[in-house]
Protein chains: 2
Amino acid sequence: MQEDIHATKLAILKATERLVAANGFEATSLRAITAAAKVNLAAVNYHFSTKDALILAMLNRRLRPVNEARLALLDQFEEEAGENPVTVEKILEALFRPVLDVVSGRAKGGRDFLRLLALALAEPGAYLKPLVEKEFSEKTRRFHHALRRTLPGLSEVEAHWRLHFAHGVFFHAVVHSAVLECTSKGRCRITSAETVLRRIVGFCAAGLRNPA
Amino acid sequence: MQEDIHATKLAILKATERLVAANGFEATSLRAITAAAKVNLAAVNYHFSTKDALILAMLNRRLRPVNEARLALLDQFEEEAGENPVTVEKILEALFRPVLDVVSGRAKGGRDFLRLLALALAEPGAYLKPLVEKEFSEKTRRFHHALRRTLPGLSEVEAHWRLHFAHGVFFHAVVHSAVLECTSKGRCRITSAETVLRRIVGFCAAGLRNPA
DNA sequence: GCTTGATTCAAACGAACGTTTGAATTAGCC
DNA sequence: GGCTAATTCAAACGTTCGTTTGAATCAAGC
């Protein structure tokens, strides 16, 4: 369905991603986007109706494959585990590795994808809510179920809260890594996806398992 | 020094806080701010030079007392502990309770303060960096030192990382509580500052103590 | 090869923005 | 009460924005 996407549409999406990452939502004008994409100014309104819809489409283009990859990885781990529940560490890896792959991947636009998501989420008006509801519902359901199977002591609400906390660790660590680098005076920085993933998983696994 | 702040200046700051929280940075015009504050349009440029400086002043107005309260609370806990190191739970409480006080306080503008900070942090250009460096440096130093005294097994960098993770838990839980409420289908919501603080502290304490 | 629908294009629209200006007003001081 | 600096004010400046329009161009089916 995305294969036969129009070349103009794709060029606009790519340019939007790059420019918004560099300058922010409001600071990126349709004129800058269409100039970078080498398309006509009116093409945005023709293909996406409005600027807001373009932003949503841009985010969703990254978000959907990530969530699909998360589910696929969880599938794989569950299959490998056979009868046994998947370990907490594997659950966390299935949650975070696909995002790290995008963020640290070769694709230029992916690098700032998470920060843009954070920006959009923090924006008032909750205009991301329909997207969140649609794209996150199955992911939430599956990982929530997996976690409760692994840690049967967790109540339903407690599992929700702790998964939310784990997302917070990952989100904050990746999006605001510059803050850590600043406050630690350069002593802490993300060198590789693997090492930061190990740190995050270690911290979150302990928090998830906490019996209290 | 803030006592004798000019009435016009204060009115602008308050109006800015309220409007930016409701509509976002770029969507809030100086005209809307000055209209709400019942001051002249040019007063903003007169008292704050520029719109960006106004935003910074607005954030700093909340940030500074919060960080002072954090340090005061840590002082108190250290005094109560006497010779012993402060418990991990107390350290976390000193970090997060002052923020929760602002967020859940009576002051209307405080409610969205953390979200605005998240928004500003996620914005490109790192124009918050000088503010972070200035306002966070002592806080970081003191809490980092306290944590390493309590958990001597942590290396210096590891302590930095884990404190960063703990901030992520808190930040995400409070700022994006709407996402949790959405994905949990309303089963999880912040009912009181006390209960959410207990959950957060429990999760983070386990993560901080994790020996691995 | 004409028709029909989809797409691109240059141009303009109307509105809103942050900032500046220079005069008017106010407040503090001798 | 007159001098000075600080503050407020109405008005305008120049720019940029998202969107619309209507004609031009392209693609494909018959």
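Below, chains carry the letters A, B, ... as their sequence lines are ordered, and counting in each starts from 1.
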Within the sub-3.5 Å range, which N or O atoms of nucleotides 4-8 of chain D have a protein N or O partner, and how far apart are they?
| residue | atom | partner | partner atom | Å |
| --- | --- | --- | --- | --- |
| D:dT7 | OP2 | B:Tyr46 | OH | 2.9 |
| D:dT7 | O5' | B:Tyr46 | OH | 3.4 |
| D:dT8 | OP1 | B:Thr8 | OG1 | 2.4 |
| D:dT8 | OP2 | B:His47 | NE2 | 2.7 |

From A:Arg142 CZ over to A:Thr140 OG1, what is the distance, rounded to the nearest 0.5 angstrom?
12.0 Å
What pairs meet the ring pair (Phe, Tyr, Trp, His ring centres under 6.0 Å) rule with one or both residues in residues 26-47 of chain B, with sequence neighbours excluded?
B:His6-B:His47
Side-chain heavy atoms of B:Glu181 within contact of B:Cys188, under 4.5 Å
no
Would you check if B:Leu56 and B:Asn60 make a side-chain contact, meaning some heavy-atom pair closer than 4.5 Å?
no
Would you check if the side chain of B:Thr50 reaches a backbone N or O of B:Ala53 as a donor-acceptor pair within less than 3.5 Å?
no
Quick one: does A:Asn67's side chain have a donor or acceptor within less than 3.5 Å of a partner on A:Glu135's backbone?
yes
Under the side chain to side chain donor-acceptor pair (under 3.5 Å) rule, what pairs show up with a residue in residues 88-105 of chain A, not counting sequence neighbours?
A:Glu89-A:Arg209, A:Glu93-A:Arg97, A:Arg97-A:Glu194
Given A:Thr34 and A:Val44, is the side-chain contact (heavy atoms from CB on, under 4.5 Å) satisfied, shown in steps?
CA-CA 8 Å; A:Thr34 52; A:Val44 168; 3.6 Å; yes
If the sugar-phosphate is the primed atoms plus P, OP1 and OP2 and the base is the rest, what is the B/S/- string for nucleotides 23-28 of chain D, using protein heavy atoms under 4.0 Å?
------
For residues A:Ala122 and B:His176, report the shortest heavy-atom separation together with the two atoms involved.
N-CE1, 3.9 Å
The criterion is salt bridge (charged side-chain N to carboxylate O under 4.0 Å, His left out); which residues satisfy it with B:Glu156, sequence neighbours excluded?
A:Arg187
Between [atom2] of [N] and [atom1] of [X], the distance in whole Å:
X       : N      : atom1 : atom2 : value
A:Phe25 : D:dG18 : CZ    : P     : 14 Å
A:Leu19 : D:dG18 : CG    : P     : 12 Å
A:Glu26 : D:dT16 : CD    : C1'   : 14 Å
A:Asn45 : D:dT19 : CG    : C1'   : 5 Å

Any idea how A:Trp161 and A:His164 line up, ring-wise: parallel (<30°), tilted (30 to 60°), or perpendicular (>60°)?
perpendicular
Under a criterion of less than 4.0 angstrom to any heavy atom of chain B, what are the 5'-terminal and 3'-terminal contacting nucleotides of DNA chain C?
C:dC17 to C:dT21
Starting at the 5' end of DNA chain D and moving along, which residue's nearest nucleotide shows up first, B:Val39 or A:Asp52?
B:Val39
Would you indicate what A:Thr34 reaches in the nucleic acid, counting non-hydrogen atoms under 4.0 angstrom: base, sugar-phosphate, or nothing?
nothing
